Amino acid sequence: MMRRLLGLLLLTAIPLLLVGCDSGGTAELPEEEADPPDTEEPSGPLRGLAADRGLTLGTAVDVGALMNDSQYADVLAREFNAVTPENAMKWNPLRPSRDTFAFEQPDSLVAFASRNDMSVRGHTLVWHQQLPDWIENYRGQEDTLKAILGNHIKTVVNYYEEEYPDQVTRWDVVNEAINDNGERRGSIWQETIGPEYIALAFQWANEANPDAQLYYNDYSIAGGGSKSDAVYDLVSGLVNDGVPIDGVGFQSHLSTEYDAPSDQDLVDNMQQYQSIGLNVAITELDVRIPLGSDDEPSNDQLQTQADYYSRFLNTCLFVSNCSDFRTWGFTDAESWIPSTYEGYGAALLFDEQYNKKPAYDALVDVLYQDE
Ligand code: XIL
């Protein structure tokens with residue numbers, strides 16, 4: 001039943017996706033084949049199915065949960081082939097002072113990833129949030145802050161390449177540098193160093209590890225709109241200037257209350273980056289649900305959520321410059337949503353007891369559909 005419903009949703013999406021294919025029509029979504037007998041349909045794990053599709057399938061990881069909850073660690077290793085540290089590589093935990101780097105927490109995740117054959121997406125080298133006070137309150141010379149930022153980026157990227165070679169394959173170098181109105185966001189970096197901090201950050205990261213894939217990452221840019229256009233302008237400017245950037249991350253924090261970007265907009269947006277030689281990635285997908293007093297999502301809400309998850313994955317698999325798809329956490333027991341968006345929750349693939357939700361089955365169906 002579930003599979004038939006999703007098949008229908010996918011069929012509805014196919015014409016839109018084909019219209020979005022502007023490269024001479026060589027790439028076509030495969031036609032739905034007749035369902036194989038039920039016994040042959042896989043029900044997971046996701047990572048085996050993802051590997052068959054050449055897909056990096058990742059999730060954000062809370063290092064505290066990883067250390068303290070064996071079920072969290074087991075499900076993570078079973079289902080995903082890539083991780084992103086949810087917080088552990090941000091400035092605040094990583095840089096207690098100008099002279100110190102606290103690598104223990106992120107190291108425990110990178111070591112876990114190494115043991116379980118998972119790659120790591122480093123997150124994030126430059127952001128306006130989760131900064132330690134000594135940076136937040138910095139009121140000094142431009143050159144000094146430039147030296148601090150350059151030292152941070154080069155030390156962190158270099159450390160991971162030396163300690164865990166080839167493990168941290170991608171970095172979110174700059175995060176959320178554009179405001180919702182399309183202007184440059186004010187931040188200590190922008191105010192003190194000036195707009196060129198972005199190009200410098202990519203150059204420093206590239207110097208430290210020329211093999212890593214370097215990304216600009218932001219929210220509300222998966223579909224069209226003024227912010228999306230502004231990010232494209234910024235990034236295409238970097239490409240024109242020869243700045244070493246490899247891709248753009250669409251965070252993709254969605255809500256069942258609003259429509260998700262249309263398949264057409266998503267394809268168009270991904271392909272415009274392809275036309276300037278860049279990859280795209282879905283870096284932080286979650287689909288929050290407004291919950292009633294019983295805190296339980298309705299079946300309709302869970303179906304809408306499953307539809308959004310499957311459409312994003314389907315689109316990523318469809319375009320040739322997307323092969324990295326990640327959720328922002330995997331269990332509703334550990335998600336940033338309830339504490340950030342009051343009254344919302346249930347945004348992820350597993351419920352609080354680690355039961356698979358319809359969104360999980362929807363991803364299995366998408367991964368399996370044209371095998
Ligand atoms: C969030 C984490 O999930 C929270 O635990 C933390 O308190 C705040 O940051 N965009 C990003 C992520 O790039 O780093 C943010 O992560 C979510 C929005």
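Counting convention: from 1, in listed order, for ligands and their atoms alike. Just so you know, these numbers come straight off a predicted model, no measurement behind them. Numbers here simply count residues along the sequence, with the first being 1.
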Pi-cation contact, Y215 with R121 (under 6.0 Å, within 45°) = yes

Should the ring pair F101 and F103 be called parallel, tilted or perpendicular, given that the plane angle runs from 0 to 90° and is split at 30 and 60?
-> parallel

ILVMFWY clustering at 4.5 Å (side-chain atoms), partners of Y344 | W328, W336, I337, Y341

Show which residues join Y219 in its hydrophobic cluster (side-chain heavy-atom contacts under 4.5 Å, direct or indirect), or state none.
-> none

Anything with a heavy atom under 4.0 Å from ligand 1 counts, so go ahead and list those protein residues by chain and number.
->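 Shell around ligand 1 (4.0 Å, heavy atoms): E86, N87, K90, H123, W127, Q130, N175, E176, Q251, H253, E284, W328, W336.
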
Contact list for residues 73-90, test side-chain hydrogen bond (donor to acceptor under 3.5 Å, both in side chains), sequence neighbours left out | E79-Y360, T84-R326, N87-K90, N87-Q130, K90-Q130

How about F330 and F80: are their ring centres within less than 6.0 Å of each other?
-> yes

